[in-house]
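Since the structure comes first, as structure tokens, the remarks are kept for the end.
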Amino acid sequence: MIAGYGVAVPVGAIAILIMGLAARTSFRVGAAAALGVATADGLYAAVAVIGGAALAGVIEPIAGPMRWVAAVVLLGLAAYTAVTAVRHHRDPARAARSDAGLATPLRAFVGLLGLTVLNPMTIVYFGALVLGRQASDGKSAAGEVMFVVGAFLASASWQLVIAGGGTLVGRLLTGPRGRLVTALLSATLIAALAATIP
């Protein structure tokens, strides 16, 4: 679980995206996004346990392009968030009938799963942890399964805290102006963090 918290706790663009999404929609949507991120972390932990250094070596040469893709996707999400917020502020009826983007639990889950999978540093992180552990403790297959489950549970618990915080912020700022401000702030932070990825 410590390994899972190690990759999940640093607040970056994904955490801000989850928080902003939960603030603008609902805890259900934020929780689905959070579980998408946790699923990606769990998958990467499993891949690292299975492939270890070999997979880290494969990812390393394409890490640069993957970071650029992630940055472009995040900038697109930031722009979409800002444009949608302005449109909804100008036409509140549109906000009520809009279900596009990541505004449903399934879309939020799939979208955040895909975005998190684009982060090559996660596989490198888990690969390094697995290699270090295998060299010193010789864990059994059951121990490796527990490592993957622990990484998933840690990531899920942290991401759900982020979603809960976003929901709380959303409830505090429920008016049209508050939603506009939080959406624009979220878009600005996501864009700023995306610019630091490549």
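Heavy atoms only: backbone and side chains are in, while hydrogens, waters and symmetry mates are out. This one's a predicted model, so the numbers in the text were calculated from it and none came from an experiment.
- With L112 as the fixed residue, the side chain to side chain contact (heavy atoms under 4.5 Å, CB included) test singles out one of L35, L17, V117: L17.
- Contact detail for A15 and I162: the closest heavy-atom pair is O-CG2, 3.3 Å.
- The distance from the CD1 atom of I16 to the OG1 atom of T188 is 10.5 Å, given to the nearest 0.5 Å.
- For A31 against A163, the heavy-atom pair with the smallest separation is N-CB, 3.9 Å.
- V149 pairs by the side-chain contact (heavy atoms from CB on, under 4.5 Å) definition with V145, L153, not counting sequence neighbours.
- Residues A108 and L102 share a closest heavy-atom pair of CB-O, 3.6 Å.
- Remark: L160 CG to F27 CZ distance equals 5.0 Å, nearest 0.5 Å.
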*Evaluate the criterion side-chain contact (heavy atoms from CB on, under 4.5 Å) for residue pair V37 and I18; output intermediate values, then yes/no.*
CA-CA 9 Å; V37 172; I18 291 170; 3.7 Å; yes
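- Every residue two or more places apart in sequence or in another chain that forms a side-chain contact (heavy atoms from CB on, under 4.5 Å) with T39 is listed here: L43, F109, L113, F152.
- Taking CE of M19 as the reference point, atom CG of L168 lies at 9.5 Å (rounded to 0.5 Å).
- Between the side chain of R107 and the backbone N or O of A103, no donor-acceptor pair lies under 3.5 Å.
- In this structure, A32 and P105 approach most closely via the heavy-atom pair CB-O, 3.1 Å.
- Closest heavy-atom contact between T25 and V29: OG1-CB, 3.3 Å.
- Between I14 and L115 there is a side-chain heavy-atom pair separated by less than 4.5 Å.
- Take V148 and apply the side-chain contact (heavy atoms from CB on, under 4.5 Å) test, not counting sequence neighbours, and it matches A45, A46, V49.
- For V86, the side-chain contact (heavy atoms from CB on, under 4.5 Å) criterion is met by R90, L180, L184, not counting sequence neighbours.
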